[in-house]
Chemist: 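Okay, here's the structure, questions in a sec.
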Amino acid sequence: MKSHLRFLLLALLPLVSCSEQKGEATTETKKRPDGVTERRDEPNKPEIGKTHRDKAPGDASENLLKDLLAHSGPPSKDQKRSGIALMRSGDIETCKRALESMPVGPFYETLLGEFADRYSKEDLGASIEWLKGLPQEGHLQKGYSLIGRNAALDPVLAESFLRSVSDQGLKDEFSAGYLLGLSQQQDSRALKGLLADPQRIAALGLNQDIIFSSIVSGGASQTSVDQSLEIVGLLMQGGIVPKGSIGDSAIRQVATKDPAAAAAYLSANKELPNINRIAEPALEAWGNTSPIEAARWLESQEGTVRDAGAAGLAKAVARTEPQSAVVWAISITDPALRASTLNQIASRSKFEREQIRSIIQNAEFDQETKDSYLGIFK
C-alpha cells in the first residue's frame, strides 16, 4: 500500500510543478487557534519570460525614438536599426515626431521613404496631406516617389496633389512614382485614359522624359510586351517622344524581353508616328540575340521601319561582324541616318580597313559621297 501511495505522489509531482510554472493560482491552508481551517489564494505568478520591465507598444516606439535621437552627427548602426524599426512600427504619430526632429540628409531620406511607403498604403489621403506640410526642399524625393506610386490607386487624389506641387523636381518624383504605379496595374484603362488626354498631361506639368521612362521602363517588368508597346504607341501618338537615349533605352528594355513580339508590333504599326524610335532599338536588341532571324525579318520590310531597323541591326553586329554592319548601313535610304550609323560602326568595331573600303567603293553612291564615307574608316 505504501509503495502504491509513493507511486501516486511521484506521478503527481510534475503536474504540480507545471501548474506553478504556468502561473496558475495556488491555494494555501492554515489552521487558526480555534481549529478552523483558513484558505488563502495566492496571486498568480508571472509567466515565464515576463518581467516588470516589459513595455506597451507605445513605450517601445518611444524607446526607439530616444535611441534614434540620442546622438547628433552621422548615425551609428544602432541608430539606423532603431530608425528603420520605428518607421516600420506603425506608430504614425511617433514616426512624424521623429522625422520632424531629425536633420535633413541621406539618412532622413531613407527613413522618410520607409515611413511614406507604409503611411500611404494605410491612409493615402492622410499621407498626401502630411506630405503637403513638409518643406519642399531637399531629400524629399524618395518620399514623393513612393507615395506617388501608391497614389496610382486614386488618380483623382493623386492628380489634384500634383497640380498643387510647385517644385518641379518634387513634381517629377511624385509623377514618376504615380506613372509607374499606373503602368504596373493589370487594368490599363486609367493609364490609357491619361495618355489619350494631352490637355490633362499639360495641366499636370508632366515631364516627357519622366513619362516615357516611368511608363515604359518601369512597367515593362510587370506587363506584356504587347501592352508595353501599345502604350509606347499611345505616347508617340500624343507627341510624347523624348530626345536622347531615354526613349531608346526604355524601348530596348521592352524589345529585349521578346524581340519577335516587338517585330510583330512593328509590322502591324508601320504608319505610327515616330515608328523609327521603336524599330531601331528593337532591331538592335534582336540583333544582339538572334541576328540571323532579325536579318530575315528586316529583308521583308521597307520605308522608315526598314531604315531604322537596319541602323539597329548594324549597331548590334558592329563588333562581331563589322563588314556585315557596313553592308546594312549603306543600304539605308536616309542619308543622315546612314552617315550616323557608319560613324557608330567605326567607333564600335575593330575593322579591316581595306575590306570596308572595298564595300563602300562598290556601293551605288556618287564619288563625293563615297569619299565622305571612306573618310570615316581611316
Chemist: Given Arg149 and Asp117, is the side-chain contact (heavy atoms from CB on, under 4.5 Å) satisfied, shown in steps?
Modeler: CA-CA 9 Å; Arg149 187 179 64 190; Asp117 187 38; 3.8 Å; yes

Chemist: Quick one: do the Trp297 and Ser267 side chains pair a donor with an acceptor below 3.5 Å?
Modeler: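 Yes, because at least one side-chain N or O of Trp297 sits under 3.5 Å from a partner of the opposite role on Ser267.
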
Chemist: Would a 4.5 Å heavy-atom cut-off, applied to side chains only, mark Phe377 and Ile345 as touching?
Modeler: yes

Chemist: Ignoring hydrogens and angles, tell me if any N or O in the side chain of Asn362 forms a donor-acceptor pair with the backbone of Ser358 under 3.5 Å.
Modeler: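 Answer holds: yes.
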
Chemist: Apply side-chain contact (heavy atoms from CB on, under 4.5 Å) to Ile210 and Leu206, showing your working.
Modeler: CA-CA 7 Å; Ile210 295 290; Leu206 300 181; over 6 Å; no

Chemist: Return yes if some donor-acceptor pair links the side-chain N/O of Arg118 with the main-chain N/O of Met87 below 3.5 Å, else return no.
Modeler: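 Here the side-chain-to-backbone pair does not exist.
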
Chemist: Test side-chain contact (heavy atoms from CB on, under 4.5 Å) on Phe174 and Leu170; report intermediate values, then the result.
Modeler: CA-CA 6 Å; Phe174 188 91; Leu170 295 178; over 6 Å; no

Chemist: Check the hydrophobic clustering (I, L, V, M, F, W, Y; side-chain heavy atoms under 4.5 Å; chains of links allowed) and say if Leu86 and Leu99 are grouped together.
Modeler: yes

Chemist: Is there side-chain contact between Leu111 and Ile84, with at least one heavy-atom pair below 4.5 Å?
Modeler: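 Yes, at least one pair of side-chain atoms sits under 4.5 Å.
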
Chemist: Can Phe365 be reached from Leu374 by stepping across I, L, V, M, F, W or Y side chains whose heavy atoms are under 4.5 Å apart?
Modeler: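 Shared cluster, yes.
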
Chemist: Looking at Glu302 and Lys270, is there a salt bridge between them, counting it only when a charged N and a carboxylate O are closer than 4.0 Å?
Modeler: no

Chemist: Compare every heavy atom of Leu134 with every heavy atom of Tyr108, then report the nearest pair and how far apart it is.
Modeler: OH-CD2, 4.4 Å

Chemist: Which atom names give the shortest non-hydrogen contact between Arg348 and Ala318, and what distance separates them?
Modeler: CB-CB, 4.1 Å

Chemist: Considering all heavy atoms of both residues, which atom of Trp328 and which atom of Ala295 are nearest to each other, and what is their separation?
Modeler: CZ2-CB, 3.7 Å

Chemist: Looking only at side-chain N and O atoms, does Asp172 offer a donor or acceptor that is under 3.5 Å from a partner on Gln168?
Modeler: yes

Chemist: How long is the span from the CD1 atom in Ile147 to the CG atom in Leu112, to the nearest 0.5 Å?
Modeler: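 Atom-to-atom, Ile147:CD1 and Leu112:CG are 7.5 Å apart.
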
Chemist: Side-chain contact test, heavy atoms from C-beta onward, threshold under 4.5 Å: evaluate it for Ile275 versus Glu271 and give yes or no.
Modeler: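 Counting from C-beta outward, Ile275 and Glu271 never come under 4.5 Å.
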
Chemist: If only atom types and distance count, is the side chain of Asp334 paired as donor or acceptor with the main-chain N or O of Leu337 below 3.5 Å?
Modeler: yes

Chemist: In Å and rounded to the nearest 0.5 Å, what is the CD1 to CG distance from Ile376 to Asn343?
Modeler: 4.0 Å

Chemist: Between Ser214 and Ile211, is there a donor-acceptor pair closer than 3.5 Å when you use the side chain of the first and the backbone of the second?
Modeler: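 The answer is no, because no donor-acceptor pair under 3.5 Å joins these two groups.
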
Chemist: Would you find a donor on one side and an acceptor on the other, under 3.5 Å apart, between the side chain of Asp123 and the backbone of Tyr119?
Modeler: no

Chemist: Determine the interplanar angle of the Phe161 and Tyr144 rings, folded into 0 to 90°, and report it as parallel if under 30°, tilted if 30 to 60°, perpendicular if over 60°.
Modeler: tilted

Chemist: Does any part of the side chain of Leu194, heavy atoms only, come nearer than 4.5 Å to the side chain of Glu159, both counted from C-beta?
Modeler: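 The answer is yes; the side chains approach within 4.5 Å.
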
Chemist: Starting at CG of Leu153, measure out to OG of Ser120 and round the result to the nearest 0.5 Å.
Modeler: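 Those atoms lie 9.5 Å apart.
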
Chemist: Looking at every heavy atom in both Leu65 and Ala98, which two are closest together, and how far apart are they?
Modeler: CD1-CB, 3.4 Å

Chemist: Please round to the nearest 0.5 Å and tell me the distance separating atom CG of Asp167 and atom CD of Gln141.
Modeler: 8.0 Å

Chemist: Counting only N and O atoms by type, is there a donor-acceptor contact under 3.5 Å from the side chain of Lys370 to the main-chain atoms of Ala363?
Modeler: yes

Chemist: So do the side chains of Ser183 and Leu180 get within less than 4.5 Å of each other, counting heavy atoms only?
Modeler: yes

Chemist: Please answer: with hydrophobic residues joined when any side-chain heavy atoms are less than 4.5 Å apart, are Leu146 and Ile128 in the same cluster?
Modeler: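 Leu146 does not cluster with Ile128.
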
Chemist: For Lys96, is there an ion pair with Glu93 - N to carboxylate O distance below 4.0 angstrom?
Modeler: yes

Chemist: Taking the side chain as every heavy atom from C-beta outward, state whether Asp67 and Gln79 have any pair of such atoms under 4.5 Å apart.
Modeler: no

Chemist: Side chains of Leu272 and Ile278, heavy atoms from C-beta outward: is any pair under 4.5 Å?
Modeler: yes

Chemist: Under 3.5 Å, is there a donor-acceptor pair between the Ser331 and Arg306 side chains?
Modeler: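 Judged by distance alone, the side chains do pair up.
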
Chemist: Which heavy atom in Leu68 sits nearest to a heavy atom in Gly83, and how many Å separate them?
Modeler: CD1-CA, 3.9 Å

Chemist: Do Lys171 and Leu204 have side-chain heavy atoms sitting under 4.5 Å apart?
Modeler: no

Chemist: How long is the gap from CD on Glu122 to OG on Ser127, to the nearest 0.5 Å?
Modeler: 10.0 Å

Chemist: Quick one: do Tyr178 and Val165 end up in the same hydrophobic cluster if we chain Ile, Leu, Val, Met, Phe, Trp and Tyr together by side-chain heavy atoms under 4.5 Å apart?
Modeler: yes

Chemist: For Phe115 and Trp130, take the angle between the two ring planes, folded into 0 to 90°, and tell me which bin it lands in: parallel under 30, tilted 30 to 60, perpendicular over 60.
Modeler: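 Ring orientation of Phe115 relative to Trp130: perpendicular.
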
Chemist: Might you confirm whether atom CD of Glu364 has over 12 heavy atoms from other residues, nucleotides or ligands at distances under 6.0 Å?
Modeler: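 Counting other residues, nucleotides and ligands, CD of Glu364 stays at 12 neighbours or fewer.
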
Chemist: Salt-bridged, Arg338 to Asp307, with N to O below 4.0 Å?
Modeler: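 No, Arg338 and Asp307 are not salt-bridged.
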
Chemist: Taking all non-hydrogen atoms of both residues, which atom of Ala314 and which atom of Ala329 are closest, and how far apart?
Modeler: CB-N, 4.3 Å

Chemist: Can a salt bridge be assigned to the pair Glu100 and Arg97 using a cut-off of 4.0 Å between side-chain N and carboxylate O?
Modeler: no

Chemist: Between atom CG of Asn288 and atom CG of Leu313, what is the distance when rounded to the nearest 0.5 Å?
Modeler: 9.5 Å

Chemist: Does CZ in Arg296 sit with more than 12 non-hydrogen atoms of other residues, nucleotides or ligands closer than 6.0 Å?
Modeler: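 Not more than 12 within 6.0 Å, no.
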
Chemist: Could you give me the CA-CA distance, side-chain angles and deciding distance for Glu109 and Glu114, then say whether side-chain contact (heavy atoms from CB on, under 4.5 Å) is met?
Modeler: CA-CA 9 Å; Glu109 184 180 358; Glu114 287 281 349; over 6 Å; no

